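Working notes for the structure below.
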Amino acid sequence: MIRRQAHSAQIRQGMSLIEILIVLALLAVASTTVSFALGANTRSQVRSACVRLMAASRFAYTRAVSQHKTVRVLLNFESHKFSIEEAQGEVVLSRGNSAGRATSKAGAVDPWSLAKARLSTTFEPREPSDPFSAIVGSDGSAIKRFAEQRLGSTRVTIRKLIVPHAPEPITSGTGAIYFFPNGQTEHAVVQVADNTGSYTYSVELHPLTARGTIHQGAFEPDYDWASEADDYSEVENEE
């Protein structure tokens with residue numbers, strides 16, 4: 001009788017160990033599934049942000065041509081937001097200094113106001129004015145949908161902007177992509193990632209049509225943007 005009770009206790013103990021192993025295995029599978037699902041969701045959010053950026057660029061391109069104004073998509077690397085603005089007059093893009101900092105906000109300068117300022121104060125350094133402002137409606141108020149808004153969810157960040165008018169990639173402060181009335185834009189690359197940097201996608205904008213290509217990973221051009229402008233037309237593009 002005592003032997004049977006001991007044998008039964010061993011069986012019950014063995015079953016409990018097997019059950020624990022099964023539970024641990026199920027937890028491992030569930031954890032892997034959840035991690036995979038979260039990763040897929042994060043990748044989807046980053047890619048959706050890229051699509052949204054391409055849509056904003058296409059709008060800026062179309063408005064520049066239709067309104068005969070220079071339009072820009074302004075990126076804020078601190079808030080990870082973007083806005084669409086337009087200029088009311090002439091625009092000159094100034095290259096930044098060796099530190100990569102432009103002489104005005106996002107590198108845009110109003111040449112006439114700068115010339116007048118230099119004439120009035122010849123021996124004093126002048127900060128050039130920015131000719132861009134918010135897009136306004138018929139009532140003169142700024143249109144909210146073009147004002148600063150997030151590129152995607154709070155987990156999506158803007159990591160890097162590469163444009164010809166900046167001597168170095170822009171990774172902080174503000175940066176902009178410009179669209180001109182003659183139907184041209186800058187050949188630009190914007191890198192977008194999640195807040196941990198685990199997933200990165202890059203948007204490459206074609207200089208003639210503002211159509212974009214989404215590259216998986218941190219894509220960067222392997223040539224000098226400024227000196228090889230003739231090669232821009234050969235960049236692959238898609239909707």
Side-chain angles (χ1 to χ4, degrees), residues 41-60 63 70-87 91-110 127-136 141-179 185-205 210 212 214-221 225:
N41 182 55
T42 302
R43 286 195 299 270
S44 177
Q45 289 180 350
V46 175
R47 200 177 193 285
S48 295
C50 293
V51 173
R52 190 176 187 187
L53 179 59
M54 288 198 302
S57 299
R58 286 295 296 170
F59 170 81
R63 185 170 180 85
T70 302
V71 181
R72 73 181 178 188
V73 175
L74 187 67
L75 305 176
N76 189 317
F77 287 82
E78 309 305 326
S79 63
H80 305 291
K81 295 181 178 180
F82 77 100
S83 57
I84 303 176
E85 301 175 337
E86 63 185 11
V91 175
V92 173
L93 299 185
S94 61
R95 292 181 63 87
N97 56 28
S98 59
R101 296 179 59 85
T103 55
S104 66
K105 185 179 181 181
V109 176
D110 181 345
E127 183 73 14
S129 62
D130 192 330
F132 285 85
S133 58
I135 297 177
V136 299
S141 60
I143 301 177
K144 292 184 178 180
R145 67 176 180 273
F146 303 132
E148 193 174 57
Q149 55 184 294
R150 287 199 67 89
L151 189 60
S153 72
T154 55
R155 288 189 289 177
V156 175
T157 61
I158 305 171
R159 290 300 178 92
K160 184 181 293 186
L161 169 64
I162 305 173
V163 281
H165 72 265
E168 296 179 4
I170 301 171
T171 58
S172 62
T174 57
I177 307 169
Y178 292 89
F179 304 82
T185 185
E186 294 185 289
H187 182 188
V189 173
V190 183
Q191 293 180 8
V192 181
D194 67 304
N195 52 9
T196 65
S198 301
Y199 305 101
T200 301
Y201 284 84
S202 303
V203 176
E204 181 183 17
L205 296 178
I214 297 178
H215 300 272
Q216 187 171 0
F219 171 80
E220 292 190 15
W225 297 70

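These figures come from a predicted structure and were not determined experimentally. Starting from 1, each residue takes its place in the sequence as its number.
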*Give a yes or no on whether the backbone of Val156 and the side-chain of Arg150 come within a donor-acceptor separation of less than 3.5 Å.*
yes
_Separation between CG of Leu74 and NZ of Lys81, rounded to the nearest 0.5 Å_ = 13.0 Å
*Approximate separation, where rounding is to 0.5 Å, of Gln45 CD and Arg155 CZ*: 4.5 Å
*Can any side-chain N or O of Gln191 pair as donor or acceptor with the backbone N or O of Phe219 at less than 3.5 Å?*
yes
*To the nearest 0.5 Å, what is the distance between CD1 (Ile170) and NZ (Lys160)?*
11.5 Å
_Any non-hydrogen side-chain atom of Val71 less than 4.5 Å from a side-chain atom of Ile84?_
yes
*asked:* Check whether Thr185 reaches the backbone of Tyr178 with its side chain - one donor and one acceptor, N or O, closer than 3.5 Å.
replied: yes
*Find the distance between CZ (Phe179) and OG1 (Thr70) and round it off to the nearest 0.5 Å.*
11.5 Å
*Looking only at heavy atoms, what is the nearest atom pair of Leu53 and Leu151, with distance?*
CB-CD1, 3.9 Å
*Do the rings of Phe146 and Phe59 sit parallel, tilted or perpendicular, given the 30° and 60° boundaries?*
parallel
_Considering all heavy atoms, the nearest Thr157-Asn195 contact_ = CG2-CA, 4.0 Å
_Minimum-distance pair of heavy atoms, taken over all atoms of Cys50 and Val192_ = SG-CB, 4.1 Å
*Where is the tightest heavy-atom contact between Val46 and Ala193, given as atom of each residue plus distance?*
CG2-C, 3.9 Å
*So, do His215 and Tyr201 sit near enough that their side-chain heavy atoms are less than 4.5 Å apart?*
no
*Main-chain N/O of Gly217 paired to Ser202 side chain as donor or acceptor, under 3.5 Å*: yes
*Is the number of heavy atoms from other residues, nucleotides or ligands under 6.0 Å of Gln216 CD greater than 12?*
no
*Can you name the nearest heavy-atom pair linking Ala176 to Arg72, along with the distance?*
CB-CD, 3.9 Å
*Quick one: does Arg159's side chain have a donor or acceptor within less than 3.5 Å of a partner on Asp194's backbone?*
yes
_Quick one: does any side-chain atom of Glu148 pair with a main-chain N or O of Ser83 as donor and acceptor, under 3.5 Å?_
no
*Residue that, paired with Leu161, satisfies side chain to side chain contact (heavy atoms under 4.5 Å, CB included) out of Val203, Val189, Ile177*: Ile177
_Least distance between heavy atoms, Ile158 atom then Phe77 atom_ = O-CD2, 3.4 Å
